[in-house]
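First the structure, in the form of C-alpha cells, and then the observations on it.
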Amino acid sequence: MSFFIPAAMAQTAEGAAPMGGGFEWIFLVGFLVIFYLMIWRPQAKRAKEHKNLLGGLTVGDEVVTGGGILGKVKKVTDEFIVLEVGDGQELKFQKGSVVAALPKGTLKAI
C-alpha cells in the first residue's frame with residue numbers, strides 16, 4: 001500500500017499552478033528594504049551626527065547632557081569634558097553624555 005503514496009502526493013489539481021519560491025522572495029526582499037529605510041539608515045545617520053558632534057567639541061561650546069544639564073565646555077580630553085554649570089561650578093562628564101550643542105549665547109548666566 002505504501003508504494004501509492006508518492007504518486008498521490010506528486011499530483012496537482014488541474015489548472016492550479018504550484019506556488020513557487022518567487023513569491024516568498026518578493027516578501028523577503030520587501031521586508032529587507034523596509035527594514036533598511038525605516039530602521040538601519042536613520043540610526044546610522046544619527047550615530048554619524050553624534051560622532052561628528054563629539055569630535056567637534058571645543059572650549060567655549062554650550063552643550064546639553066543626556067541628564068538635561070546645560071553648561072559651557074571648559075576642558076576637553078579624549079574621553080571626558082568639564083562643563084561650567086554655574087558661577088565657578090564645574091562638573092566632569094563623559095563625552096558620550098553630550099546629546100546636543102546649543103547656539104552661542106544661549107547660556108548668558110554662566
Side-chain angles (χ1 to χ4, degrees):
M1 275 294 187
S2 65
F3 60 91
F4 291 118
I5 294 174
M9 293 177 73
Q11 294 176 354
T12 60
E14 287 185 31
M19 192 165 212
F23 196 65
E24 288 86 11
W25 281 106
I26 291 172
F27 277 122
L28 179 63
V29 170
F31 177 74
L32 291 175
V33 167
I34 290 171
F35 177 78
Y36 173 76
L37 291 175
M38 295 185 70
I39 297 173
W40 189 67
R41 189 172 144 221
Q43 179 62 28
K45 183 179 176 183
R46 280 191 296 271
K48 183 178 177 182
E49 289 173 354
H50 189 251
K51 183 179 177 183
N52 290 339
L53 169 70
L54 297 181
L57 285 177
T58 59
V59 175
D61 287 346
E62 298 172 356
V63 296
V64 179
T65 66
I69 298 175
L70 305 171
K72 186 179 287 188
V73 177
K74 287 295 178 183
K75 182 179 177 186
V76 180
T77 61
D78 287 340
E79 295 190 23
F80 294 97
I81 60 170
V82 176
L83 295 182
E84 183 180 7
V85 295
D87 294 329
Q89 296 177 346
E90 295 180 349
L91 299 174
K92 191 173 189 178
F93 291 94
Q94 287 182 329
K95 255 185 165 180
S97 66
V98 174
V99 294
L102 299 172
K104 297 284 183 184
T106 302
L107 304 174
K108 297 180 187 208
I110 295 178

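Side-chain atoms are counted along with the backbone in the values below, which use heavy atoms only and exclude waters and symmetry mates.
- Using a 4.5 Å heavy-atom threshold, the side chains of I69 and V64 count as separate.
- Atom OG of S97 and atom CG of L83 lie 7.5 Å apart (nearest 0.5 Å).
- Proximity of L70 to V85: side-chain heavy atoms (C-beta onward) are nowhere separated by under 4.5 Å.
- In this structure, K74 and E90 have side chains that are in contact, with non-hydrogen atoms separated by less than 4.5 Å.
- Cluster membership for W40 and L37, using ILVMFWY side-chain heavy atoms within less than 4.5 angstrom, is shared.
- K45 pairs in a side chain to side chain contact (heavy atoms under 4.5 Å, CB included) with only one of the listed residues (K48, E49, R41, Q43), which is E49.
- With hydrogens and angles disregarded, no donor-acceptor distance shorter than 3.5 Å links the side chain of E62 to the backbone of L102.
- Between T58 and V76, every side-chain heavy-atom pair lies at or beyond the 4.5 Å cut-off.
- In this pair, F27 and F23 present their aromatic rings perpendicular. The plane angle is above 60°, beyond the 30 to 60° band.
- Of all heavy-atom pairs between P42 and M38, the closest is CG-O, 3.8 Å.
- Annotation: side chain to side chain donor-acceptor pair (under 3.5 Å) contacts of K104 (sequence neighbours excluded): D61.
- If you take CD1 on I81 and OG1 on T77, they are separated by 9.0 Å, rounding to the nearest 0.5 Å.
- A continuous path of hydrophobic side-chain contacts links V29 to Y36 [ILVMFWY only; heavy atoms under 4.5 Å].
- Between E79 and K95 no salt bridge is recorded (no basic side-chain N to carboxylate O distance below 4.0 Å).
- If you chain together hydrophobic residues whose side chains sit under 4.5 Å apart, V99 and L107 fall into the same group.
- Open room surrounds CD on Q94; 12 or fewer heavy atoms of other groups in view lie less than 6.0 Å from it.
- Each of T65, V98, V73, V63 was scored for a side chain to side chain contact (heavy atoms under 4.5 Å, CB included) with F93, with one residue passing: T65.
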